[in-house]
Chemist: 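Dropping a structure here in structure tokens format, bear with me for questions.
What you see below is based on every heavy atom in this structure, not just the backbone, and it leaves out hydrogens, waters and symmetry mates.
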Amino acid sequence: QQCSSFLVVRNTTRNLYTRLWCVTELALVKAYTANAVHVIGKMPPFAPAYGSDIGLNATCSAAEDVALLQQTIRAAEVDVDDLVAQAIRARSGTALGGKTCVCQ
């Protein structure tokens, strides 16, 4: 059974999109489903929407996973850096694209 939406739960201590696994999950949801991406929680203070350590340039604690995850993101054929920027800029309680979500 397929879920009807994907929920991003942000926190104020770490930008999720400096983690390559989180970037991969977001890219796969946008590439392979029509599901809405809902965003709740606050980003850390001063979290940039673009940068050298987020999106495709995010890091992974397991060095052997980096190439596989980057390859997976590229195969998804989405503009992952723009997608991550949208998720970072999204107001809590909205879906990507600005619609209010019911997950508050």
Chemist: Would you check, one step at a time, whether the test side chain to side chain contact (heavy atoms under 4.5 Å, CB included) holds for L96 with L83?
Modeler: CA-CA 9 Å; L96 293 191; L83 186 59; 3.8 Å; yes
Chemist: Which pair of non-hydrogen atoms, one from R10 and one from M43, has the smallest distance, and what is that distance?
Modeler: CD-SD, 3.1 Å
Chemist: Please tabulate, for side-chain N and O atoms in residues 20-31, each donor-acceptor pair with protein atoms closer than 3.5 Å (sequence neighbours left out).
Modeler:
{"unit_1": "T24", "atom_1": "OG1", "unit_2": "L20", "atom_2": "O", "d": "2.8"}

Chemist: Kindly indicate whether the side chain of D79, heavy atoms from C-beta on, has any atom under 4.5 Å from the side chain of D81.
Modeler: yes
Chemist: Could you check if a side-chain atom of I88 sits within less than 4.5 angstrom of a side-chain atom of I54, using non-hydrogen atoms only?
Modeler: yes
Chemist: Output the distance between atom CD (Q86) and atom OG1 (T94), rounded to the nearest 0.5 Å.
Modeler: 10.5 Å
Chemist: With a 3.5 Å cut-off and sequence neighbours excluded, list the donor-acceptor pairs that the side chains of residues 57-73 form with protein atoms.
Modeler:
{"unit_1": "T59", "atom_1": "OG1", "unit_2": "T18", "atom_2": "O", "d": "3.3"}
{"unit_1": "Q70", "atom_1": "NE2", "unit_2": "L56", "atom_2": "O", "d": "3.2"}
{"unit_1": "T72", "atom_1": "OG1", "unit_2": "L68", "atom_2": "O", "d": "2.8"}

Chemist: Show the nearest heavy-atom pair for residues S92 and G41, with the distance to one decimal.
Modeler: OG-N, 2.9 Å
Chemist: Evaluate the side-chain proximity of V84 to L16: yes if any heavy-atom separation is below 4.5 Å, no if none is.
Modeler: no
Chemist: For a side chain to side chain contact (heavy atoms under 4.5 Å, CB included) check, start with the C-alpha distance between V8 and Y17, then their side-chain angles and the critical distance, and finish with the verdict.
Modeler: CA-CA 11 Å; V8 173; Y17 301 108; 3.3 Å; yes
